[in-house]
Amino acid sequence: MKTLIHLALAIVAVAALVAAPGAKAQDDAPVELTAEEDHRRMLDLLGLEALRPGRNGMDPEADNYANYDEATSNPYPDLPPLMITDAGDTVTTPAIWEDVRRPELIDLFSSEIYGYAPEATPSVTWEVVSEHEEMVAGVPAIIRDYAGRVDNRAWPAIDVTIDMTLTLPADADGPVPAIVSFVFRFPADFQPPAGWEPPSPSATERILSRGWAHAELVPTTVQADNGAGLTSGIIGLVNKGQPRDADDWGALRAWAWGASRVLDAFETMDEIDASRVAIEGLSRYGKAALVTMAYDERFAAAFSGSSGEAGASLYRRDNGEVLENVASSGEYHWMAGNFLRYAADPLGWDDLPIDAHSLVALSAPRPLFVGTGKAEEGDAWVDPVGIFMATKAASPAWELYGAGSMPDIDFPGEKVEVGEGAIVFRQQEGGHSNHLNWESFLDFAEREWIAR
Ligand code: GCU
């Protein structure tokens, strides 16, 4: 599945380079740079000569092959404090968390990792482009395709139209909870490898069986998943086709912004209970799900799967992918330029004033389901143990509210959901996919949202 996703992403990236996005007037067309050129431009802007190389995840013979030895995976065992404010006060009440510590952490994530979104962003008008009825998992459903048209009057040469498909139970007797998924979109001519079958039941089938709605948001229609696209999409639109400053937002925040616009639409719809909307994603989109929760407190739950580096796995761990991997020209666009400083001497992992536990904690006290696959089944790269450690270290944020807690154990092992209340971790028995965790997540959401 992972190879499939990567192949598809490579094709999308090439397609994006060939078709110059929506340029009407030549003079206003976005600046065109390859990812390598834009990455180099950002290093120059930051006064950085070169970045340290990442780990090789493919070739066990390579000198820089990823480390998978638990004994040497923790070169920096001490994490930056979560529950101590910059002024040195311990966070003892929800009010101190909400008024002081949480804003401090949000600001650190913006300045050091994900970048600042502009204070004002253009509005989105959601237009129904098609609608039909269909049975989904035996449930009569309405399937609606939306085009989210982003107001581009300030820079008409850049067009941003967000694709989202909403599947609703047709016979609901009131507003229903909804799950918003960040979905990978394969190009129309993409041929999956022989024998590959889509996971069954699908997420939509599982969600509809519960009587809930499922929104599938295509993040790459908000912001391309490559550095060459940073002068278009929502980031390019607000920058009027110019390349980013060092603290401008990256794709993860842009994708999260897109999810927030879906929630805006839900707030105006009678069919959806906007107070019970969750965000879900795998891998890069598992990172985006955590970022969405951090920056938009209206989201009422999340399912973040196999999120890895720049998601829930600890930057201070040396296991699987490392900070330098996501800082490379293939992935740096997920974050702000400023993040690259930590991949260049003299700064290193241990200089980050925050770590992944701080990101996880920004979901508190709302229900958060943190998932991974099994290292032996192909999910080693994301460092499942590091993800568990970050989730455990984030537990005090839920404990503060009496909303949940994580057990003080080393690692639970596969198919064991751990955590009390609104924070849980579960490693499913397969590889890099959310499929085998979906049912557990939906049980969790149902328990937290409805049975409580
Ligand atoms: C790469 C990357 C990960 C990312 C993954 C994905 O493997 O290093 O950080 O999560 O791609 O999104 O598939």
Side-chain angles (χ1 to χ4, degrees), residues 1-13 35 39 51-59 62 64-68 113-114 181-186 190 192 199 217-220 222-227 229 250-256 279-292 302-315 317-335 339-340 342-343 349 355-356 359-360 370-375 377-387 390 430-435 437:
M1 179 65 189
K2 195 168 156 140
T3 329
L4 189 66
I5 289 169
H6 285 161
L7 183 57
L9 291 170
I11 294 170
V12 172
H39 189 252
L51 301 186
R52 293 181 298 270
R55 292 286 194 305
N56 183 325
M58 301 293 183
D59 177 10
N64 61 340
Y65 184 58
N67 182 37
Y68 292 114
I113 301 185
Y114 302 116
S181 288
F182 288 119
V183 295
F184 289 93
R185 173 186 276 174
F186 300 112
F190 178 68
L217 167 66
V218 183
T220 49
V222 178
Q223 185 61 46
D225 191 4
N226 54 63
L252 289 168
R253 275 207 76 181
W255 295 335
I279 183 79
E280 178 266 343
L282 170 75
S283 206
R284 62 201 63 193
Y285 298 149
K287 312 181 205 299
L290 293 169
V291 173
T292 303
F303 171 12
S304 166
S306 299
S307 61
E309 201 76 19
S313 60
L314 294 170
Y315 295 99
R317 291 255 304 169
D318 184 6
N319 190 291
E321 63 179 322
V322 296
L323 190 151
E324 287 78 1
N325 287 96
V326 285
S328 69
S329 63
E331 299 177 352
Y332 77 104
H333 59 276
W334 293 338
M335 284 77 49
F339 176 72
L340 304 184
Y342 295 95
W349 311 343
D355 208 307
L359 176 67
V360 173
V370 180
T372 72
K374 255 183 90 169
E377 296 294 327
D379 217 15
W381 184 240
V382 308
D383 185 13
V385 173
I387 291 179
H432 194 62
S433 155
N434 275 351
H435 177 55
N437 260 338

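No experiment lies behind these values; they were computed from the predicted model shown. We count ligands from 1, going down the list as the structure has it; atoms in each ligand are counted the same way.
Within the 4.0 Å heavy-atom criterion, the part of W381 lying near ligand 1 is the side chain and not the backbone.
Contact analysis leaves F184 out of contact with ligand 1, as no non-hydrogen atom separation drops below 4.0 angstrom.
A donor-acceptor contact shorter than 3.5 Å links the side chain of W255 to the backbone of Q223. One N or O on the side chain of N64 and one on the backbone of G54 form a donor-acceptor pair closer than 3.5 Å.
Take H333 and apply the side-chain contact (heavy atoms from CB on, under 4.5 Å) test, not counting sequence neighbours, and it matches D225, L230, A251.
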Task: Residue pair M335, V326: steps toward the side chain to side chain contact (heavy atoms under 4.5 Å, CB included) verdict - done: CA-CA 9 Å; M335 284 77 49; V326 285; 4.0 Å; yes

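Polar contact check, S306 against ligand 1: no nitrogen or oxygen pair lies under 3.5 Å apart.
Close contacts of ligand 1 with S283, meaning ligand atoms under 4.0 Å from a residue heavy atom, involve 4 (C), 5 (C), 6 (C), 10 (O), 12 (O), 13 (O). Ligand-side atoms of ligand 1 in range of K287: 3 (C), 4 (C), 9 (O), 10 (O), range being under 4.0 angstrom from any heavy atom.
Of the options E321, H432, E331, R284, the smallest heavy-atom separation from atom 9 (O) of ligand 1 is shown by E321.
Between F339 and Y342, the two ring planes are tilted [angle within 30° to 60°].
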